[in-house]
Amino acid sequence: MAKWTAFPHDNADYTYDAAALKKKWARLHAGDAEPLPKDDKVLAAWALFHAGEFQKACDAGLKAGGAGITVANKAQSIYANYLEKSEKNRLAMFMEVSERAEAQQAEDPKNPNAWYWQAYALGRYSQGISVAKALAQGLGSKVKHALETAIKLQPRHADAHIALGAFHAEVIDKVGGLLGRTQGASKDQGLLMYKTALKLNPNSAIAMVEYANGLVMLEGDKKMKEAEKLYADAAAFDPADAMERLDVEMAKAELED
């Protein structure tokens with residue numbers, strides 16, 4: 001496997017031993033509602049993830065198997081989304097995560113994150129190839145079904161609510177409200193999903209950024225001020241791990257645009 005790009009920030013504040021990670025678990029996993037692992041090897045893989053050691057976390061998760069697959073899928077997805085420079089590699093990585101998550105669903109159909117990471121990876125892949133093209137390939141319904149399944153299995157999964165909000169917003173933004181309806185996309189549902197995500201996890205920079213993006217897609221320029229306030233709040237956020245640091249940097253970039 002080619003060497004992944006290193007996390008580009010100081011990770012001293014995000015390095016947790018097992019005891020510290022257990023203490024911080026609820027805060028760190030408020031978005032994905034992942035249960036605290038019983039397997040020490042899986043916990044160690046999560047520690048690597050939170051420290052921004054995404055390639056090592058992915059390898060360790062795959063080696064551990066079981067719940068470790070979720071670590072691998074999250075590490076690879078977050079890395080591909082934020083740090084992978086080659087578009088071809090990014091798309092290949094998202095497809096690999098989607099396939100692994102689908103295999104995980106077959107093994108463990110009641111695992112919400114097996115459904116969530118498939119949806120996340122396919123959603124990002126769809127953005128990469130163009131949403132219209134992805135819809136023509138039937139990926140939209142697959143993403144929507146996987147997210148709805150994740151939420152059904154774990155109603156407190158804030159990140160799945162964000163992603164479902166983004167699904168509605170992206171589809172309507174790219175193909176319009178009328179065609180969007182044929183894909184099951186609705187402006188009201190999209191806005192509701194974003195609001196629910198922020199209620200479930202109010203301390204989420206990525207929820208604020210995605211909600212801001214969604215507001216502009218669904219409501220247009222009249223919501224620009226509200227979107228800018230959300231970007232500013234996200235940019236001022238104090239990150240607890242490497243992923244959150246990347247979210248905050250993205251919010252800062254949005255503010256500068």
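Along the sequence shown, the residues carry numbers beginning at 1.
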About how many Å separate [atom2] of [Y] and [atom1] of [X], when rounded to the nearest 0.5 Å?
| X | Y | atom1 | atom2 | result |
| --- | --- | --- | --- | --- |
| Tyr231 | Leu255 | OH | CG | 8.5 Å |
| Asn81 | Asp247 | CG | CG | 9.0 Å |
| Asn201 | Asp159 | CG | CG | 7.0 Å |
| His9 | Arg245 | NE2 | CZ | 4.5 Å |
| Tyr14 | Lys24 | OH | NZ | 10.5 Å |
| Glu87 | Leu91 | CD | CG | 4.5 Å |

Linked, directly or transitively: [X] and [Y] (ILVMFWY side chains, under 4.5 Å):
| X | Y | value |
| --- | --- | --- |
| Ile162 | Leu246 | yes |
| Ile206 | Leu200 | no |
| Val248 | Ile78 | no |
| Leu36 | Val71 | yes |

Would you find a donor on one side and an acceptor on the other, under 3.5 Å apart, between the side chain of [X] and the backbone of [Y]?
| X | Y | result |
| --- | --- | --- |
| Tyr82 | Met243 | no |
| Ser98 | Phe94 | no |
| Asn11 | Ala51 | yes |
| Glu219 | Leu215 | no |
| Gln105 | Ala114 | yes |
| Glu34 | Thr70 | no |

Which residues share a side chain to side chain contact (heavy atoms under 4.5 Å, CB included) with Lys56, sequence neighbours left out: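 Residues passing side chain to side chain contact (heavy atoms under 4.5 Å, CB included) with Lys56: Leu48, Glu53.
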Report the residues that fulfil side chain to side chain contact (heavy atoms under 4.5 Å, CB included) with Asp13, sequence neighbours left out, ordered by chain and then residue number.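 Side chain to side chain contact (heavy atoms under 4.5 Å, CB included) check on Asp13 returns nothing, list empty.
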Under 6.0 Å from the [atom1] atom of [X], do we count more than 12 heavy atoms belonging to anything else shown?
| X | atom1 | value |
| --- | --- | --- |
| Gln137 | CD | yes |
| Arg156 | CZ | no |
| Asp221 | CG | no |

If you take all heavy atoms of [X] and [Y], which pair is closest and at what distance?
| X | Y | result |
| --- | --- | --- |
| Thr149 | His145 | OG1-O, 2.7 Å |
| Ser204 | Leu198 | O-CD2, 4.4 Å |
| Ile151 | Ala160 | CG1-CB, 3.7 Å |
| Ala197 | His161 | CB-CB, 3.8 Å |
| Ala45 | Gly61 | CB-N, 3.8 Å |
| Ala146 | Ala119 | CB-CB, 3.8 Å |

Between [Y] and [X], is there a side-chain donor-acceptor contact under 3.5 Å, judged purely by atom types and distance?
| X | Y | value |
| --- | --- | --- |
| Tyr120 | Asp32 | no |
| Asn113 | His157 | yes |
| Glu84 | Thr5 | no |

Could you walk me through whether Glu244 and Glu249 pass the side-chain contact (heavy atoms from CB on, under 4.5 Å) test, one step at a time? CA-CA 9 Å; Glu244 289 184 0; Glu249 295 301 324; over 6 Å; no
Would you say that [X] contacts [Y] through its side chain, given a criterion of any heavy-atom pair below 4.5 Å between the two side chains?
| X | Y | result |
| --- | --- | --- |
| Leu191 | Leu218 | yes |
| Trp46 | Lys74 | yes |
| Met217 | Glu170 | yes |
| Leu83 | Pro8 | yes |
| Leu122 | Met95 | yes |
| Tyr125 | Arg90 | no |
| Trp25 | Pro37 | yes |
| Lys187 | Ile172 | yes |

Would you please classify the geometry between the Phe54 ring and the Phe7 ring as parallel, tilted or perpendicular, with 30° and 60° separating the classes?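 It falls in the perpendicular class, over 60°.
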Just say parallel, tilted or perpendicular for the rings of Tyr79 and Trp4, cut-offs at 30° and 60°.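 Plane angle under 30°, so parallel.
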Using the test side chain to side chain donor-acceptor pair (under 3.5 Å), find all partners of Arg100 that sit at least two apart in sequence or belong to another chain.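 Side chain to side chain donor-acceptor pair (under 3.5 Å) check on Arg100 returns Asn73, Gln76.
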Derivation and outcome, salt bridge (charged side-chain N to carboxylate O under 4.0 Å, His left out), residues Asp233 and Lys229: CA-CA 6 Å; Asp233 289 347; Lys229 166 82 168 73; 2.8 Å; yes
Verify side-chain contact (heavy atoms from CB on, under 4.5 Å) between Lys22 and Leu43, making sure each step is shown before the conclusion. CA-CA 9 Å; Lys22 283 176 185 176; Leu43 191 69; 3.6 Å; yes
Kindly indicate, with the supporting measurements, whether the criterion side-chain contact (heavy atoms from CB on, under 4.5 Å) is fulfilled by Leu21 and Asp17. CA-CA 6 Å; Leu21 184 51; Asp17 62 19; over 6 Å; no
Between Lys223 and Glu228, does any side-chain N to carboxylate O distance fall below 4.0 Å?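 Salt bridge flag = no for Glu228 with Lys223.
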Flag the pair His29 / His50 as yes when their ring centroid distance falls below 6.0 Å, and as no otherwise.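 Ring centroids of His29 and His50 are less than 6.0 Å from each other.
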Take Glu148 and Lys144, measure what side-chain contact (heavy atoms from CB on, under 4.5 Å) needs, and give me the verdict at the end. CA-CA 6 Å; Glu148 286 171 347; Lys144 187 169 182 278; 3.0 Å; yes
